[in-house]
Structure formats: C-alpha cells, structure tokens
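What follows is a single structure, written as structure tokens, with notes after it.
Fair warning: this is a prediction, and the values are worked out from it, not measured in the lab. Every chain is numbered from 1 and lettered A, B, ... according to where its sequence line falls, protein lines coming before strand lines.
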Amino acid sequence: MPELPEVETVYRTLEPRLTGRVIVGVRFASRLVMRDDPDRAAAQLRARKVTGMRRQGKFLIVELSGGLTMSIHLGMTGRLLWNGAEGPHTRAVFELDRGRLVYDDMRQFGRIEIGAARVWKLGPDALSLTEDEFVSRLAVRRGRIKPLLLNQTFLSGLGNIYADEALFRARVHPLSPAGKISPARARRLWRSINEVLKEAVAGGGSSISDYVDADGRKGSFQQLHRVYGRENKRCVACGARIRRIVVGQRGTHYCPRCQRSV
DNA sequence: TGGAATGTTCGGCT
DNA sequence: AAGCCGAACATTCC
C-alpha cells in the first residue's frame, strides 16, 4: 500500500483529526505489529495528547505530550482508518476523547513502535532532498540505480511503483550503474522523482489493490502509471512493449526503447 | 500449484 | 565497506 504519496495522503487526512486529541485507550491485537509488550506500550500511550504529526519517508510519526513519540510504518497492506470499523485484520485500536483510529493490516508487515529509532536511520526524504545533494550522493554509488532508489538509507519514501515511474520519466534503464549516470541525467532523474511524487500526492496516491486514505477513499494515480503494472502494454511515449524483469527481487517495469542509458 | 504482491531485515558471500 | 543474493516474515489472489 504505502509509498511516500500514499503515506502523505494518509497524513493529510489524519493530521487535522488527530492533533489535539487525547488517547483514552489502546488495544493491540497483534504481536507482530506491536513487538514490545503490548500492555506496557498501551500504558505508555494512555492519557497522552497528540501534539503533532509528521511524515518522514514512509513513516508516520505521532508526537505526544511528555515528549513521547510513536512511529507507524504501514508495511505492505497497513491502513489507518479514522472512525473505521474493526474487521478480521484489525491489529490495533486507538480510542480518543473524540473518535477512534483503527489500524488494519492483512499481511502484518507494518509496525507500530514507541519512539522513532527506525526513523533516525532513514536517508533524506525524497521530497526534501535538493537536486545538488541528490546528484552528488548518486555519483559515489557503485550499485545499480533501481535497488538504490529503493534503499531507504539513501533516499526515503520511494517504493517499487514510483521508482519504476521515475526511471521511465527520466529515460534511465533500471540496471544502470548509479555512479555512471551523467550529471545531466541525474538531474533529470531528480526532477522526475519530484514530479511523479507530487503528481501522485495530488491524485491521492495509487490504489493498486487495497490502499485507501484515513477516510477510506481510494487514490486515482494508478490510472496514470506509465510502466508499473503495464507489462506487454504499449509504451505511452514510443509504442514499444513495456517489459518486466526482476531486479533486486522486485518486479521492475520499463520501456526497452525509451530507457537505454545502461 | 506456483507465483506475485505498494516493504524491510538478516545472514552469507564476494 | 558495499553490494548482491536468497530467504524470511504473513496473507490473499489469480
């Protein structure tokens, strides 16, 4: 479900509802999603006020009174639903003084943690990194560009969909050695990343299978994907067949005619 | 039945 | 050290 645009959309729909609310009760229903002692974690959260919220990469960070922080990663199928109904995959419920927040996660790859330990390890957010910074960080890298874009310590927020979409827009082959991409093309890639992320946020994210925002609404950006999920379809730019290969164990979609700079 | 799915982490190897 | 690979995590869908 969640790459930067989807998490940003959840953030935007949730932040106005959550800020200022007081947590009156917490229930964790999964030891996978909450790895610490769930009773202890619930006790730590209870009676705290939400003082603010932010997003870094694919993490949502909830700031609480008393200096406590809770970080939430939606994994692959996590959903945060404002006043949502509980279902078979509900893994946590936060009761607030007004309203409730339901965390639903079919595959349970998501995590809710007290503190922000994993957030400190992230690289710069994909939407806050400057063009010059991106180009210089890229130049010293040895590996291939696609796995690098998915590496959250290099850049945080990009996932499989937007990595493929950004590479297509910049006409960069996913197997290109990152350090050998010319500065001009690296700048174009930075602009493509920014462009596709901002357009996706404007479209409310991509709903491939089950992503919805905190109000249960689907995104629309999947309709504008140019390569992701379009294997064997015509390239929107040149008409060639979109190809799917596996890179770093992830399905990777690209146009063999447009993306030649290996 | 096998494979794939918007993600991350860990161990092993070079 | 960096980077690559495979496996693992859990569940559903085609």
Q. Taking atom P of B/dG7 as reference, at what distance in whole Å does atom CD1 of A/Ile72 sit?
A. 18 Å
Between the protein and nucleotides 11-14 of chain C, list every N/O to N/O distance that falls short of 3.5 Å.
| from | atom 1 | to | atom 2 | distance (Å) |
| --- | --- | --- | --- | --- |
| C/dT11 | OP1 | A/Gln108 | NE2 | 3.1 |
| C/dT12 | OP1 | A/His89 | NE2 | 3.2 |

(Q) By nearest heavy atom, map A/Val246 and A/Lys58 onto DNA chain B; which one lands nearer the 5' end? (A) A/Val246
**Q.** Protein-to-nucleotide contact annotation, 5' to 3' order, nucleotides 1-6 of chain C [B base; S sugar-phosphate only; - none; under 4.0 Å, heavy atom]
**A.** --SSSB
Q. Can you check whether A/Phe109 stacks with the C/dC9 base, using ring centres under 5.5 Å and planes within 30°?
A. yes
**Q.** A/Lys146 bridged to A/Asp164 by N-O distance under 4.0 Å
**A.** yes
Q.
Give me each pair satisfying ring pair (Phe, Tyr, Trp, His ring centres under 6.0 Å) with a member in residues 240-262 of chain A, each pair once, sequence neighbours excluded.
A. A/His173-A/Tyr254, A/Tyr228-A/His253
Q. Under the 3.5 angstrom rule, does the side chain of A/Arg91 hit a backbone N or O of A/Asp105 as a donor-acceptor pair?
A. yes
Q) How many Å lie between CG on A/Leu150 and P on B/dG7, as a whole number? A) 7 Å
Q.
Under a 3.5 Å distance rule, please check whether A/Gln152 uses its side chain to pair with a backbone N or O of A/Leu158 as donor and acceptor.
A. yes
Q | Distance in angstrom units between A/Phe59 CZ and B/dT9 C1', rounded | A | 12 Å
**Q.** Geometric class of the A/Phe94/A/Phe28 ring pair [parallel <30°, tilted 30-60°, perpendicular >60°]
**A.** perpendicular
Q) Just to confirm, is there a sub-4.0 Å distance from OP1 or OP2 of B/dT9 to any side-chain nitrogen or oxygen of A/Arg111? A) no
Q. Can you find a side chain N or O atom of A/Lys121 that sits less than 4.0 Å from OP1 or OP2 on B/dT8?
A. no
Q.
So A/Arg35, base contact, sugar-phosphate only, or nothing? Heavy-atom distance under 4.0 Å.
A. nothing
Q. Does the salt bridge (charged side-chain N to carboxylate O under 4.0 Å, His left out) test come out yes or no for A/Glu131 and A/Arg191, once each step is laid out?
A. CA-CA 8 Å; A/Glu131 189 172 332; A/Arg191 286 194 289 272; 3.2 Å; yes
Q: May I have the distance from A/Arg244 (atom CZ) to B/dA5 (atom C1'), rounded to whole angstrom?
A: 10 Å
Q) Is any side-chain heavy atom of A/His225 closer than 4.5 Å to a side-chain heavy atom of A/Ile208? A) yes
Q: Could you tell me the separation between the CG atom of A/Asn160 and the C1' atom of B/dT8, rounded to a whole number of Å?
A: 13 Å
**Q.** Pairing residues for A/Ala202 by the side chain to side chain contact (heavy atoms under 4.5 Å, CB included) criterion, not counting sequence neighbours
**A.** none
Q: Any chance you could lay out the salt bridge (charged side-chain N to carboxylate O under 4.0 Å, His left out) test for A/Asp132 and A/Arg187, step after step, and finish with the verdict?
A: CA-CA 8 Å; A/Asp132 287 344; A/Arg187 290 184 192 284; 3.1 Å; yes
Q: May I ask you to evaluate whether A/His73 reaches the phosphate of B/dT8, defined as a side-chain N or O under 4.0 Å from OP1 or OP2?
A: yes
Q: Quickly, which of A/Val62, A/Thr51, A/Leu45 forms a side-chain contact (heavy atoms from CB on, under 4.5 Å) with A/Leu68? Name it, please.
A: A/Leu45
Q. Tell me, which stems hold DNA chain B, with a stem being 3 or more Watson-Crick or G-U pairs in a row and both distances under 3.5 Å?
A. B:2-5 with C:11-14, B:7-14 with C:2-9
Scan nucleotides 11-14 of chain B against the protein and return all N/O pairs shorter than 3.5 Å with their distances rounded to 0.1 Å.
none

Q) Is it true that atom CZ of A/Arg142 has more than 12 heavy atoms of other residues, nucleotides or ligands lying nearer than 6.0 Å? A) no
Q) A/Glu3 and A/Tyr211: side-chain hydrogen bond (donor to acceptor under 3.5 Å, both in side chains), yes or no, with the steps? A) CA-CA 10 Å; A/Glu3 301 182 35; A/Tyr211 160 73; over 6 Å; no
Q. When the distance from CG of A/Leu74 to C1' of C/dA10 is rounded to whole Å, what number comes out?
A. 16 Å
(Q) Using a 3.5 Å distance criterion without hydrogens, assess whether the side chain of A/Gln223 forms a donor-acceptor pair with backbone atoms of A/Ser206. (A) no
Q.
Can you measure A/Met76 atom CE to C/dA8 atom C1' for me and round it to whole angstrom units?
A. 13 Å
Q. Can you tell me how far P of B/dT8 sits from CG of A/Leu155, to the nearest Å?
A. 12 Å
Q. Between B/dT8 and C/dA1, how far is it from one P atom to the other, in whole Å?
A. 23 Å
Q | Minimum-distance pair of heavy atoms, taken over all atoms of A/Arg250 and A/Leu150 | A | CG-CD1, 4.0 Å
(Q) Set out, in order, the CA-CA distance, both residues' side-chain angles and the distance that settles side-chain hydrogen bond (donor to acceptor under 3.5 Å, both in side chains) for A/Ser30 and A/Tyr103, then state yes or no. (A) CA-CA 11 Å; A/Ser30 165; A/Tyr103 181 74; over 6 Å; no
Q) Using atom C1' of each nucleotide, how far apart are C/dC4 and B/dA5 to the nearest Å? A) 22 Å
